[in-house]
Structures are given as C-alpha cells and as structure tokens.
Amino acid sequence: MTNPAATLPPRTSDALSVQDVLDPSAIAALRTRLRGPVLLPGDPGYDDARSLWNAMIDRRPALVIRCLGVADVVAAVEFVREHRLALTIKGGGHNISGLAVADGAVMLDMSLMRGVRVDPAARLAWAQAGCLLGDVDRETQLHGLAAPLGFVSTTGIAGLTLGGGFGYLTRRFGWTCDSVVAFAVVTADARIVRATETEHPDLFWALRGGGGNFGVVTGFTYRLAPIGPEIVGGAIAWRAEEAPRILEAFRTLDEDAPPELSVAAGMRKAPPVPWLPEAVHGQDIVAMFICYTGPVAEGERLLAPLKRLGRPVGDVLQRRPYLTQQCLLDATQPKGRRYYWKSEFLPGHEDDFLHAARRHAERLVSPYSLVIFFPLHGAIERFPSDHSPFGNRDARSVVNIAASWERPTDDAANIAWARAAWDDLRRFSTGGTYVNFLTEEEGSDRIHAAYGPHYERLAAVKAEWDPTNLFRHNKNIPPIR
Ligand SMILES: Cc1cc2nc3c(=O)[nH]c(=O)nc-3n(C[C@H](O)[C@H](O)[C@H](O)COP(=O)(O)OP(=O)(O)OC[C@H]3O[C@@H](n4cnc5c(N)ncnc54)[C@H](O)[C@@H]3O)c2cc1C
C-alpha cells in the first residue's frame, strides 16, 4: 500500500493554534470545501462543541469542523495533513480521559452525523459515527431488534464500539465490536475504505477494539438480534446493612444466570429518585440492575425469588420496553459533573473482593460516586482469543470505581478515594483492563494491559494504516517503526 502521509514532515506542535500557522484565507478556503460549519474560538456553538461529558476536561481546540458527511471528513483530513496540524475526533464526547479534544488541535465533531438505517430482513443496522447509543436502539427496536450496546444511552457509539463495548446483551452476543460486520473509514491519507472480514481484514481486526488509532470511522454496520421490545428489567435496592447477604445472592444469581440474564450490582448513596423513599435518600444502599431478554414469563419466574430477597427499599423490576432499560442509568451520569474512574477486569467475585469493595463503598466522599460490577461472562468466551484485539475473553466481570462530584475544590478528595480503592482492589484483577475506562494519566503500561498479547499486532497494523500517527489523540498505539 502506498501512503503519502509517510513522506510528510513532522506536524505542528499541539501547543500551536491554527491561527499561529494559518492565514485566514486557508480557513476561508476550507469553508468552501465543507457542507458543515467551521467554528473558531468565540463563535456561537464553539464552547458547546468543545465541552465534554466530563467537566474535568476544559480544552480549547483551535478549530472545530462539524462534519455533515463523508466528504467533509475527507476534506478535514486533507486540511489537517496539508497544514500539518494535530487532529482529534469527537463522537459522543463521553470518554473519561477527554480524548475528543486537545488544546490547539483541529477537532472533527461528528455529532451532526446521526443517521441510522435498519435492514430488518438482513438483521443489520448501519449507523453514522455521530450516533449516540439511544439513536441506534430507537431505530432497531422499531423492528424488535438490537445490537449489543452499553448501559447509558447518551454514550457515543463510535468510542464505545472502537474500544470494545459491553452492555446488558454482552452475555448473549459478546463485545459490541464482535457484532460489527463493516466499518466505513477515512484513512490517514484521506482515502475512503470499507473494512470487513474480506476487505482489508487487518484493518477490520484492528478496529474491533483498537480504539480510534486507525482512521476516522464514518459508519458502523452492526449485526442485530431479536430483542424485546418487551423485556423484564429494572432495579432493586436494599439498605447497605443488608449488603453482605445481597452481594452473596448477586454472586449466585450471576454465576447461575442463563445468557439472557444480565445483573449488575452497585453500592452508593441513595439518590433522591421517586422509586426510593425519602427516608433512604442519601443513605448507603446496594442495588442490582437487572435485564432479562428471554421470554418475559420465564424472566418473571426466574426473578421472582430476587423480589423476595431481604427487605428492599425500592423495586422497579418489571416488564418494560427494552428502550427504557437502556436509559435506566442515564440520569445518574449527567454531562457536566466532574468524573474520575478506576477499573479492572475480574475473574469472578470472590469473598475477599466483595468484602473489600464494600469497605471502599462505605468510604466514598460524594453522593454521586459508586462502586459497580458489570457482568461479562458468556458469549465473549465463544470467540477465538485473536478474534479481536480487545481480547480479555477470560473476564467474568468488570469493576468500575466511579467517582463523581460537582466542585473543583473536591477534586483531590474524590480522586484520592478512587485511587485508594483501586490500589486495594486491583489485586483481584485478571491483569487486563478496559481501554475505554482508562483515565487521562493511565498511559502505555495500562494500554499494554488492555491489549495484552495483541498489542504488537496492533502496532504493526498502525504502521501500515497510520505510519505518521496522525490519529494519536486516543489511547495511543504508536506505529512499529
Ligand atoms: C456515562 C458513561 C457510561 C458508559 N457506559 C459504558 C458501557 O456501558 N459500556 C462500555 O463499553 N463503555 C461505556 N462507557 C465508556 C465508553 O465506551 C467510552 O467513554 C467511549 O470512549 C465513549 O465514546 P464516545 O464516542 O462518546 O467518546 P468520545 O470522547 O467522543 O471519543 C472517544 C475516543 O474515540 C475516538 N473516536 C470517536 N469517534 C471516532 C470516529 N468516528 N472515528 C475514529 N475514532 C473516533 C476519539 O478520537 C476518542 O479517542 C461509558 C462512558 C460513560 C461516560
């Protein structure tokens, strides 16, 4: 493959702004090539475009290109290459590290590209890269179909899928990236390619979890499965005093669960929501978030004992539309708070782990923070270990120590809590970690841990498709030289 990008001189430092290196005529010329708007600092919409889910990130791109189609993406990549600028890509803007924005860089904002087309007969959905999870769910559920996406509907499909992806359907169908059958890509040398099992299979493999390292993905084609529209799902909460017994029951339920059943467990302070009585608001609770996507009558039978367990303070486990299940946790994760996470894949939930996790949950310093375990085991194990670079197919669960608060003055205390919990809990890890949950300061060693034996192959694919590391504002895999 010839790649003209390989012959380019080094790019301008990220610290320089576009205005430092370009005269206004270059930006005017760029505008004539685009359908979407170009935003400069001070323009209406600029601050909205640069703002991310995590308010800890406050960076100022030199230029925002709001792409309206593939032609805009091609023009943007050519512009960035021609002027040797730094480039970032924003999908849903939910990455905890704020990878979508960098000071002085050109930001490709994909959020205007939210089209979804479903082929119910073929059980496929094509989705543009600016879609949020809820966009895809809404369109696929019209046909009683779904792709395995994540737990919060406002997350971007692009970052989630490119980093791996898991949610309530993972136990049945594997990682989100396992259900992708085609990626539409604009490469570092601004070519349009399609990556599938037979077209550019090396790129296809790398995009299944290798992050945004290999090109600008403009569209994803997902394999769908019949789901709902009615399922059995929701949440049950108990006071923290009952946590030992509840977590023991959670472990048994999780271990015995058929693939159609997915149960997450979390510990936090009760939020002031209508389904929890006022008396419990602000008190420590343990909760399960449950989703059963098999026949509803079977789900009700299977979950009936759970509804009788202990003395629940709230119970909204019931028949419901799959779409409402997919939004169940949205309100707990609003855009604009400050967030810091630590996370590990787990081989199971042994006694010592559950005990230690409880102790850390008792010490959390913000009413919004939580310690949560998401189930994974099932379909991910059915794929060969080299099916995708996002391996970790031995993981049975993932723990996320999720700190969340409002005031900058509380940063240190909340970050210290999460780090202390992680320092203790990481001894229970499989040794692997989820690239999409890595925070800003987690660098090369953690990226190696995320990809394990697949790292070297990823670096080789990177050298083929992005030899100058144009796509480096991500959890970066530098090309093997
Ligand atoms: C509230 C919340 C809930 C979450 N729940 C889950 C969950 O249930 N399951 C799960 O697996 N993960 C979950 N995540 C993690 C999530 O997968 C990552 O945060 C992911 O990066 C978000 O994708 P995004 O498009 O919103 O992010 P962005 O910040 O926009 O982008 C993230 C990365 O992807 C790259 N990228 C974005 N678009 C493109 C593109 N078109 N082409 C190439 N690269 C691109 C960016 O360059 C950046 O490196 C959650 C995150 C949050 C904040």
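Note that these values count all heavy atoms, side chains included, but never hydrogens, waters or copies made by symmetry. Order of appearance sets the numbers: ligands from 1, and atoms from 1 within every ligand.
When heavy-atom distances to ligand 1 are checked against 4.0 Å, the residues falling inside are W53, I89, K90, G91, G92, G93, H94, N95, L99, A100, A129, G150, F151, V152, T155, G156, A158, G159, L160, L162, G165, F166, G212, G215, V216, V217, Q333, W341, Y434, N436, F437, H473, N474, ordered by chain and number.
Evaluation of the side-chain hydrogen bond (donor to acceptor under 3.5 Å, both in side chains) rule for S369 yields no partner, not counting sequence neighbours. Considering only residues two or more places apart in sequence or on other chains, D72 meets the side-chain contact (heavy atoms from CB on, under 4.5 Å) condition with L34, R35, C67, L68. Not counting sequence neighbours, the partners of D330 by the side-chain hydrogen bond (donor to acceptor under 3.5 Å, both in side chains) test are S153.
Ring orientation note: the planes of H349 and F373 are tilted relative to one another, at an angle of 30° to 60°.
Taking a cutoff of 4.0 Å between a charged side-chain nitrogen and a carboxylate oxygen, R338 and D411 qualify as a salt bridge.
Between H200 and W465, the distance from one ring center to the other falls under 6.0 angstrom.
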